[in-house]
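Single-structure report; data block below.
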Amino acid sequence: MPFFVYQYTFYLNTRFQNIRVPRENLLNFVADVLPNGQYVSVIDDPDQRFAAFLSPLTLGRVNIAVNSVYISKVGLAIAVRYGLSRRAFSLTPDDPEMLLLDYPSHQRRLLPLLAKVCLMSSAGNFMKKMYVKRTPEMSKAIHIYSSALKATLTWQNMITLQECREACGGQGLKTENRIGIFKAEFDVQSTFEGDNNVLMQQVSKALYAEFLAAQKKKKPFKGLGLEHLNGQNPVIPDKLTSSILRSSKFQMDLYCLRERDLLKQFTEEVSLHLAQGKSREKALMLSYQLAEDLARAFTERTILQIFLADEMNVPSGSLKEVLLLLRSLYVMVSIDESVSFLRYGYLSRDNVASVRNEVLKLCSELKPHALAVVSSFGIPDAFLSPLAFDWIEANALSTGSH
Ligand SMILES: Cc1cc2nc3c(=O)[nH]c(=O)nc-3n(C[C@H](O)[C@H](O)[C@H](O)COP(=O)(O)OP(=O)(O)OC[C@H]3O[C@@H](n4cnc5c(N)ncnc54)[C@H](O)[C@@H]3O)c2cc1C
């Protein structure tokens with residue numbers, strides 16, 4: 001059956017009827033069937049065997065995560081360039097019409113997405129390098145990172161494409177402008193190679209297992225960036241000024257505070273269910289709300305941490321200043337868009353209001369760099385669309401009125 005959302009790259013219809021596949025042709029990397037019909041495997045533990053069966057999916061997840069960042073970059077390059085060429089309305093009758101990207105509301109729609117894609121790009125590169133240099137000892141970390149990033153980056157890609165499509169108005173729907181096609185083409189990424197929701201649940205379960213292992217062995221946390229759990233609770237200042245909000249220390253502290261608290265709450269809730277006689281599987285299943293929040297907290301902290309490491313390698317100067325704007329906008333927007341900071345009391349209402357103001361300021365400071373940022377993606381012109389260039393000329397040519 002053809003996949004209607006995926007017609008451009010995936011179209012396979014194979015049917016077998018009365019075909020016998022010889023035993024020797026079994027894909028038997030993990031398990032086999034002997035001539036006497038006995039099922040055998042070198043891996044005794046069924047959970048480990050299942051994990052070994054699924055491990056080839058990891059490469060797919062890494063590729064999908066990285067690929068979704070590329071697609072978001074194309075969408076954003078088109079929408080930002082359109083926003084810098086399309087004029088609509090003037091504030092007074094004598095003024096020239098304003099560029100779309102001069103509207104603060106248009107900045108708020110596109111520039112946070114630009115910040116997110118830049119940080120996610122760092123995370124994707126980190127994942128790629130880790131996969132290329134993988135060793136058997138890294139399997140667990142690769143599984144957790146690739147699950148978290150595949151889910152988060154592909155979800156973000158769909159949000160980005162939808163916003164870019166709308167930011168290009170009616171022309172965003174034209175086939176030649178590509179974004180509509182991307183939406184149909186890449187929607188599937190949230191499902192194949194592991195459904196995103198299920199992957200995020202796996203991340204929380206893995207963190208729960210890390211917590212139990214550290215407790216049982218009475219050893220500090222090591223790996224997955226969880227070392228912050230070995231220290232004291234970070235302290236968040238009562239009053240958040242602009243310079244505090246933009247400091248990497250505050251940003252990491254807040255993300256770490258959220259992650260450690262949610263991990264604690266999640267393990268406590270699971271323990272409560274266990275104490276009531278429920279099975280481990282049922283206890284984890286019932287705690288899905290905290291599991292979702294925890295997986296998101298882990299992923300966002302990971303993405304920030306990776307970007308900070310990259311940012312540290314850049315010498316002081318104008319590039320570093322832009323990276324600071326991108327990083328701060330990423331954090332501020334994630335706070336602005338997530339209820340968890342208020343719900344769990346990590347920030348007061350006043351501080352959440354300060355964050356919202358900071359988003360506005362950061363957008364207007366980032367706007368003069370928007371073209372440079374999308375140009376830095378290095379996307380060849382042929383991969384963009386007429387909307388990213390002289391679309392008035394292109395429209396005249398395509399309607400033959402030139
Ligand atoms: C285009 C395409 C190509 C594919 N290619 C391959 C391939 O080459 N090889 C291959 O093996 N597979 C392939 N798949 C299958 C793909 O991996 C599955 O579609 C995917 O894992 C989701 O499983 P499902 O379709 O059975 O969804 P379902 O399991 O029916 O999921 C439906 C919904 O239920 C939710 N759900 C499911 N289980 C749980 C749970 N335990 N807890 C909470 N919620 C849950 C999910 O979040 C999802 O939203 C492909 C799929 C597509 C669409």
Side-chain angles (χ1 to χ4, degrees), residues 116 119-120 122-123 125-127 129-130 137-138 140-149 151-152 200 202-238 240 243-271 287 290-313 323-324 326-328 330-335 338 340-348 351 355:
K116 285 186 188 182
L119 274 88
M120 291 180 178
S122 267
N125 286 338
F126 166 88
M127 185 71 264
K129 286 182 208 155
M130 190 176 183
E137 294 72 40
M138 289 156 72
K140 186 172 68 179
I142 291 178
H143 169 67
I144 297 170
Y145 280 135
S146 65
S147 300
L149 292 176
T152 305
M200 288 302 255
Q202 287 190 16
V203 172
S204 302
K205 282 182 196 169
L207 295 175
Y208 173 70
E210 288 295 301
F211 184 87
L212 293 187
Q215 255 191 349
K216 194 171 161 198
K217 292 181 195 156
K218 294 195 169 45
K219 280 193 170 166
F221 288 90
K222 194 162 178 284
L224 296 169
L226 296 175
E227 291 79 3
H228 70 91
L229 298 170
N230 301 321
Q232 298 289 316
N233 251 349
V235 179
I236 304 301
D238 286 340
L240 297 178
S243 79
I244 293 176
L245 288 170
R246 293 179 189 208
S247 81
S248 56
K249 174 164 182 348
F250 160 76
Q251 294 166 359
M252 269 310 281
D253 277 355
L254 183 65
Y255 274 14
C256 290
L257 176 72
R258 175 179 56 158
E259 187 181 9
R260 72 188 287 149
D261 181 64
L262 286 172
L263 181 54
K264 182 168 161 282
Q265 287 200 47
F266 181 56
T267 54
E268 282 172 359
E269 191 171 297
V270 173
S271 302
S287 306
L290 280 165
E292 279 172 14
D293 289 344
L294 171 61
R296 180 172 174 176
F298 167 80
T299 313
E300 288 183 351
R301 190 266 305 150
T302 298
I303 292 172
L304 175 62
Q305 202 165 18
I306 293 167
F307 189 81
L308 273 169
D310 286 347
E311 192 185 326
M312 269 174 56
N313 291 328
L323 297 182
L324 186 146
L326 290 166
R327 187 229 315 140
S328 297
Y330 167 83
V331 176
M332 295 305 111
V333 160
S334 94
I335 299 171
S338 164
S340 73
F341 293 92
L342 264 182
R343 178 192 291 142
Y344 300 111
Y346 310 132
L347 290 178
S348 65
N351 281 339
V355 167

Donor-acceptor pair, Ser146 side chain versus His143 backbone, under 3.5 Å? yes
Counting N and O atoms only, with roles assigned by atom type, does the side chain of Gln251 sit under 3.5 Å from a partner on the main chain of Leu245, one being a donor and the other an acceptor? yes
Rounded to the nearest 0.5 Å, what separates atom CG in Leu304 from atom OG in Ser248? 8.0 Å
Measuring only between side-chain heavy atoms, which start at C-beta, is Leu226 closer than 4.5 Å to Arg301? yes
Between Phe307 and Leu323, what is the shortest heavy-atom contact and its length? CE2-O, 3.7 Å
Between OH of Tyr208 and OG of Ser271, what distance do you get to the nearest 0.5 Å? 5.0 Å
Is there a side-chain contact between Ile144 and Phe298, using heavy atoms and a 4.5 Å cut-off? yes
Shortest non-hydrogen contact from Ser287 to Val270? OG-CG2, 3.7 Å
Atom of Leu119, atom of Arg327 and distance for their closest heavy-atom approach: CD1-CA, 3.9 Å
Separation of Leu240 CG from Asn351 CG (nearest 0.5 Å): 3.5 Å
Take Glu292 and Arg296, measure what salt bridge (charged side-chain N to carboxylate O under 4.0 Å, His left out) needs, and give me the verdict at the end. CA-CA 6 Å; Glu292 279 172 14; Arg296 180 172 174 176; over 6 Å; no
Between Ser122 and Asp310, does any side-chain donor sit less than 3.5 Å from a side-chain acceptor? yes
With the side chain counted from C-beta on, respond yes when Glu300 and Ile303 share a heavy-atom pair under 4.5 Å apart, and no when they do not. no
Which atoms form the tightest heavy-atom contact between Leu224 and Tyr145, and what is the distance? CA-OH, 3.2 Å
Side chains of Gln265 and Glu269 in contact at under 4.5 Å (non-hydrogen atoms): no
Can Glu259 and Leu229 be said to form a side chain to side chain contact (heavy atoms under 4.5 Å, CB included), step by step? CA-CA 9 Å; Glu259 187 181 9; Leu229 298 170; 5.5 Å; no
With no hydrogens and no angle check, do the side chains of Asp261 and Tyr346 hold a donor and an acceptor under 3.5 Å apart? yes
Looking at side-chain heavy atoms only, is the closest gap between Lys264 and Phe211 below 4.5 Å? no
Backbone N or O of His228 within a donor-acceptor pair of the Arg260 side chain at under 3.5 Å? yes
With the side chain counted from C-beta on, respond yes when Phe341 and Val355 share a heavy-atom pair under 4.5 Å apart, and no when they do not. no
Nearest heavy-atom contact between Ser204 and Ala291 is OG-O, 2.5 Å
How far does CE of Met252 sit from OH of Tyr255, to the nearest 0.5 angstrom? 10.0 Å
What is the distance from atom CG of Asp253 to atom OG of Ser247, rounded to the nearest 0.5 Å? 8.0 Å
Is Thr299 close to Met200 at the side-chain level, that is, under 4.5 Å between some pair of heavy atoms? yes
